[in-house]
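Order of the sequence lines fixes the chain letters, A, B, ..., with proteins taken first and strands second; residue numbering starts at 1 for each chain.
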There are 2 protein chains.
Amino acid sequence: MQLMREKGAAGGGLRERKKRATRAALAEAAVRLAAEHGAEKVTVEAISAAAGVSVRTFFNYFDTRDDAFVVIDADAGARMRRAVLDAPAGLSPLEVLRGALAAELAEAEQQHELWRLHAEVLHASPHLLARGVGAHMAAEAELAEAIAERLGDAGGGIYPRLLAAVAGTAVRTSVDHWSAHQEEAAFLDVFHEVFSLLAAGLPAPPA
Amino acid sequence: MQLMREKGAAGGGLRERKKRATRAALAEAAVRLAAEHGAEKVTVEAISAAAGVSVRTFFNYFDTRDDAFVVIDADAGARMRRAVLDAPAGLSPLEVLRGALAAELAEAEQQHELWRLHAEVLHASPHLLARGVGAHMAAEAELAEAIAERLGDAGGGIYPRLLAAVAGTAVRTSVDHWSAHQEEAAFLDVFHEVFSLLAAGLPAPPA
DNA sequence: GTGCATCTTTGCATACCATGCAACTTATGA
DNA sequence: TCATAAGTTGCATGGTATGCAAAGATGCAC
């Protein structure tokens with residue numbers, strides 16, 4: 001019952017640290033139990049017991065049982081926003097996103113082991129995969145805003161939202177492909193290949 | 001207790017027609033009730049009552065309460081598959097998808113009224129929107145297969161899945177944008193604009 | 001149209017998910 | 001140390017979801 005990368009806001013009082021620890025313990029217990037028994041077989045009671053809290057407390061941390069499998073990094077949106085706004089002026093919006101996402105993902109990949117387990121669990125039940133998408137959509141909306149802001153008057157139409165949505169899709173597709181062909185390629189290589197395809201307008205591959 | 005466009009496989013015996021009718025009645029009741037009272041306030045009992053069946057029967061048609069709001073056209077995947085495989089050989093994969101999706105959506109748009117209501121309900125609770133994405137993912141997988149098949153040996157990598165996923169994203173983004181700016185543009189115009197952006201590699205819009 | 005096989009619907013029992021509320025315990029800061 | 005704010009817990013309640021067996025339709029052969 002520990003772990004914690006203390007990513008965004010570190011430290012704080014004992015209270016906050018305990019909250020973080022409890023949340024992390026619940027999330028980790030959920031993923032490990034799901035990896036072992038299958039997500040559908042894992043009850044809230046089991047997760048709570050494994051994390052050493054009551055069922056009622058589980059629901060103080062997650063609105064839904066499934067939320068425990070889907071880990072949302074609430075600070076990611078804000079970080080990406082800054083990355084988009086601070087990027088060099090010369091870059092195209094797509095290049096800006098490629099950079100911001102690559103940086104974010106490189107960091108996430110350090111938690112390699114738990115990340116893999118995660119991907120495994122989500123992949124095993126499409127139901128949860130969809131929920132993961134939902135979790136990303138809030139971040140995508142924030143991304144779209146940042147892009148629109150960066151573009152100024154030119155960002156009034158559908159372009160920012162499309163770009164953010166496509167970028168999110170690119171990430172998910174990359175993760176999906178990588179987790180199915182883990183031995184063949186490094187994740188970031190897959191990711192960059194995907195963005196190259198997007199930048200080229202998704203041309204037909206050579207026969 | 002009527003309606004039905006008898007899209008894919010029409011007719012059949014009385015049994016099948018009744019099943020279709022029941023399913024449609026449940027789905028329509030769900031959407032109308034949700035539009036009126038908010039999706040979260042609509043119980044399975046209310047939906048079932050409105051459709052004139054028992055609660056137990058509801059669960060014979062939908063695995064989940066939310067599924068009733070998300071309407072899945074189970075035949076759409078098969079239709080698109082054929083459209084992709086039957087398209088002229090000269091077209092690029094992206095153009096093929098643009099055509100297949102446009103045809104499918106043009107047909108769907110004829111149910112204009114219910115479709116709008118649908119978009120409204122989904123948009124009101126992001127939770128359901130995510131579920132809608134999940135519903136589309138199965139279709140996307142089928143699309144990816146069709147694309148891979150069309151491409152032959154060239155379709156072995158990540159390209160088909162990426163293309164299918166991006167196309168799905170394009171549709172969702174178009175619907176989203178259109179439903180927010182309904183008065184300003186026809187849906188298919190939005191849709192084609194989006195595909196043009198994709199084909200051009202998502203270039204920065206003119207300042 | 002009779003009768004049998006098959007499919008559908010339904011009620012009942014059961015288990016899990018999710019929320020509000022009040023009582024209790026623990027951290028925080030003066 | 002003490003008062004306050006925050007977090008945890010059990011209990012009560014109601015909605016969601018599944019298995020099972022009985023009853024009701026439908027389809028088909030005769």
Per atom distances to the A:F59 side chain, the nearest of D:dA17, C:dA18, C:dT10 is C:dA18

Rounded to the nearest Å, what distance is computed from the CZ atom of residue A:R23 to the P atom of nucleotide D:dG7? 12 Å

For DNA chain C, which residues in residues 30-40 of chain A have a heavy atom at a distance below 4.0 Å? none

Within the 4.0 Å heavy-atom criterion, would you say B:N60 contacts the bases, only the backbone, or no part of the nucleic acid? base

Starting at atom CZ of A:F58, determine the distance to atom C1' of D:dG7, rounded to an integer number of angstrom. 17 Å

CZ of A:R116: more than 12 outside heavy atoms within 6.0 angstrom? no

Using a heavy-atom cut-off of under 4.0 Å over every strand shown, decide if A:V53 touches base, sugar-phosphate, or nothing. sugar-phosphate

By nearest heavy atom, map B:S54 and A:D63 onto DNA chain C; which one lands nearer the 5' end? B:S54

Sugar-phosphate only, base, or nothing, as touched by B:F62 at under 4.0 Å among non-hydrogen atoms: nothing

Closest listed nucleotide, where the reference is the side chain of A:R56 and the choices are C:dT8, C:dT9, C:dC21: C:dC21

Atom CD of B:E45 and atom P of D:dG14 are separated, to the nearest Å, by 12 Å

Under-3.5 Å donor-acceptor pair between A:R15 side chain and C:dT28 base: no

Check this one for me: any side-chain N or O of A:T57 less than 4.0 Å away from OP1 or OP2 of D:dT9? yes

Hey, is the main chain of A:H177 close enough, under 3.5 Å, to the side chain of B:R161 for a donor-acceptor pair? no

Phosphate-side-chain proximity, B:T64 and D:dA17, N/O vs OP1/OP2 below 4.0 Å: yes

Crowding at CD, A:E45 (>12 non-hydrogen neighbours, <6.0 Å): no

Map A:K18 and B:K18 onto DNA chain D by nearest heavy atom, then report which one ends up closer to the 5' terminus. A:K18

Specify whether A:F191 and A:F195 have parallel, tilted or perpendicular ring planes, treating 30° as the upper limit for parallel and 60° as the lower limit for perpendicular. tilted

Send over the distance from B:K41 NZ to D:dG14 C1', rounded to a whole Å. 13 Å

Just the rounded figure in Å: distance from P of D:dA5 to NZ of A:K19. 17 Å

Expressed as a whole number of angstroms, how long is the span from B:D66:CG to C:dC17:C1'? 13 Å

In terms of side-chain heavy atoms, does B:R131 have a donor or acceptor partner in B:T64 at a distance below 3.5 Å? yes

Any carboxylate oxygen within less than 4.0 angstrom of a Lys/Arg side-chain nitrogen, looking at B:E36 and B:R32? no

Rounding to an integer number of Å, can you tell me how far A:R131 CZ sits from C:dC17 P? 13 Å

Mark yes or no: B:R23 above the aromatic ring of B:F62, with NZ or CZ under 6.0 Å from the six-membered ring centre and no more than 45 degrees from the axis. yes

Taking any heavy-atom pair under 4.0 Å as a contact, classify A:Y61: base, sugar-phosphate, or nothing. sugar-phosphate

Just list the side-chain donor-acceptor pairs under 3.5 Å for residues 135-148 of chain B, sequence neighbours left out, or say none.
from, atom 1, to, atom 2, distance (Å)
B:E140, OE2, B:R172, NH1, 3.2

What is the distance, to the nearest angstrom, from the CZ atom on A:R17 to the P atom on D:dA6? 18 Å

Return the nearest nucleotide to the side chain of A:L14; candidates are C:dA27, C:dT9, D:dT26. C:dA27

